[in-house]
Protein chains: 2
Amino acid sequence: MPRPRFEKLPPEKRELILETAAKEFAEFGYEGASLNQILAKAGISKGAAYYYFDNKEDLYGTAVSHYAIEMIDKLDLDFQDLTAVSFWPALQTMYEQQYTQFAERPWVFGVVKSGGPMNQALLMQGELGEFWQNLEGMLANLLRQGAELGVVRHDLPDDLMMAVVMAVDEAHDNWLLSHLPEMTNEELQAAAAQMVGLLQKLLAP
Amino acid sequence: MPRPRFEKLPPEKRELILETAAKEFAEFGYEGASLNQILAKAGISKGAAYYYFDNKEDLYGTAVSHYAIEMIDKLDLDFQDLTAVSFWPALQTMYEQQYTQFAERPWVFGVVKSGGPMNQALLMQGELGEFWQNLEGMLANLLRQGAELGVVRHDLPDDLMMAVVMAVDEAHDNWLLSHLPEMTNEELQAAAAQMVGLLQKLLAP
DNA sequence: ATTGGTTGAACCAGATGGTCTAAAATATAC
DNA sequence: GTATATTTTAGACCATCTGGTTCAACCAAT
């Protein structure tokens, strides 16, 4: 939780700090990203940084929350009334939106997903524990729904399925990131289909 | 390449150093593992370490080579005369061997695979570049053979398929590592089938 | 006694996340 | 406009860590 005074900063300054932080965390992960580097790149001093945030973890949490909220606002994450027919198309819609709407700001998804397979222990311990439980709950809920609808296998342990889905998601994101400069909008849509195809192959019964 | 004098050390001492290093590199990766920590845990001094190795990268490369050679010796990696019928069973045999023979020393595979998705750039630049090209070449060759035999899809970009296979492999290894203490030999065999099942689902046309 | 091999640990420069205080900037009161 | 109070900031400093350098001390062999 940042200090309340952070919210009173001019929006451009807030966004500069959060965007700089998100880019570093998305690229290097929490441990690998250096607070000193973030501050140097954002052009704020150490004293100012500690005036607005408790510590590195607080900055991380603020960035993750900020972009997760934006992500949730902008993506059609309505997974309420899924049917066996609409399950995979709904997932594909979500990936299309992710890829096309955030193509120029891939760090948005990068930082939100930076809590992926590697950082669970750290994140569960911190202030964002509840947030991450909710996010994992979302994926777990999706897999459970899919199983009930008969479109997702239920022969594997839950934790393994979660881990594999996140790993494939991450691998695909990284692949996409390295090909992003060359991609047209149509190609991004095709990439979403490709990603969902991978998931469907992995997860279908 | 370690100094020749390293090979003249008593085998127990050599193994202690390499095993300690491998455990740290397997757990934290090359960047995340600390040379100072490895030395403290192995009980050798800095001076001695630099007497036997050029630097951290040299130690890493030595550990990777050492265990890769052991892995290649012990596993039935004969992928020469595969048929459409024998393709997946051969993969399963390999995973069975990996899981059952190295259950008590998972760092062997951990360090060899630590060059996975994240460290490619570093490794390609170093002395082990050729080694990694060969290892990647092995996997690429396997995928190509599978495609020729009609048991592996060839509708995805090669680099994406490689990345996804490695990501799933790593996620499964990590899952296995966290469940290893409870697993019987039969369960390890089942895990191998599970892993190959995942690959087959992902890769079959 | 001399030589060669090995080792320990002090040292180095640079980096990390975090602490602290004086200076600078801004807001408020008159 | 000036004086004062409050807020914000810069950057020196801290302890600890990193990978790497160095050399005197020790030991075994001759």
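Residue numbers begin at 1 in each chain, while the letters A, B, ... track the order of the sequences. Predicted, not measured: the structure shown is a model, and the values here were computed from it.
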D:dT7 OP1/OP2 closer than 4.0 Å to side-chain N/O of A:Arg5
no

Measure from NZ or CZ of B:Lys56 to the centre of the six-membered ring of B:Tyr30, then state whether that distance is under 6.0 Å and the direction lies within 45° of the axis.
yes

Test item: B:Leu142 and B:Leu82 side chains (from C-beta on) under 4.5 Å apart, heavy atoms:
yes

Check whether any side-chain N or O of B:Lys13 sits under 4.0 Å from OP1 or OP2 of C:dT7, and answer yes or no.
yes

Close side-chain approach of B:Tyr52 to B:Thr62, heavy-atom, < 4.5 Å
no

Using side-chain heavy atoms (C-beta onward) and a distance below 4.5 Å, is B:Asp169 in contact with B:Leu199?
no

Strictly under 4.0 angstrom, non-hydrogen atoms only: write out the protein contact profile of nucleotides 25-30 of chain D, one letter per nucleotide from the 5' end, B, S or -.
------

Let me know the distance between CG of B:Leu39 and P of C:dT7, rounded to the nearest Å.
12 Å

Would you check if A:Leu203 and A:Trp88 make a side-chain contact, meaning some heavy-atom pair closer than 4.5 Å?
yes

Determine, for A:Lys23 against A:Glu19, whether the closest basic-nitrogen to carboxylate-oxygen distance falls under 4.0 angstrom.
yes

Nearest whole angstrom, please: distance from the P of C:dA9 to the OH of B:Tyr51.
18 Å

Scoring nucleotides 12-25 of chain C by protein non-hydrogen atoms under 4.0 Å (B base, S sugar-phosphate only, - none) yields ----BBBBB-----

Can you check the B:Asp58 CG to D:dG20 C1' distance for me, whole Å?
13 Å

Measure up the B:Phe102 and B:Phe109 rings against each other and bin them: parallel (under 30°), tilted (30 to 60°), perpendicular (over 60°).
perpendicular

Side chains of B:Glu148 and B:His154 only: does a donor on one sit below 3.5 Å from an acceptor on the other?
no

Calculate the interatomic distance between A:Lys8 atom NZ and C:dT26 atom P; express it in whole Å.
17 Å

For B:Phe53, report the nucleic acid contact type (base, sugar-phosphate, nothing); a contact means any heavy atom under 4.0 Å.
nothing

Does B:Ser45 put a side-chain nitrogen or oxygen below 4.0 Å from OP1 or OP2 of C:dT7?
no

To the nearest angstrom, the CZ-P distance between A:Arg14 and D:dT8 comes to 13 Å

For the backbone of A:Pro89 and the side chain of A:Gln92, can you confirm whether one donor and one acceptor N or O come within less than 3.5 Å of each other?
no

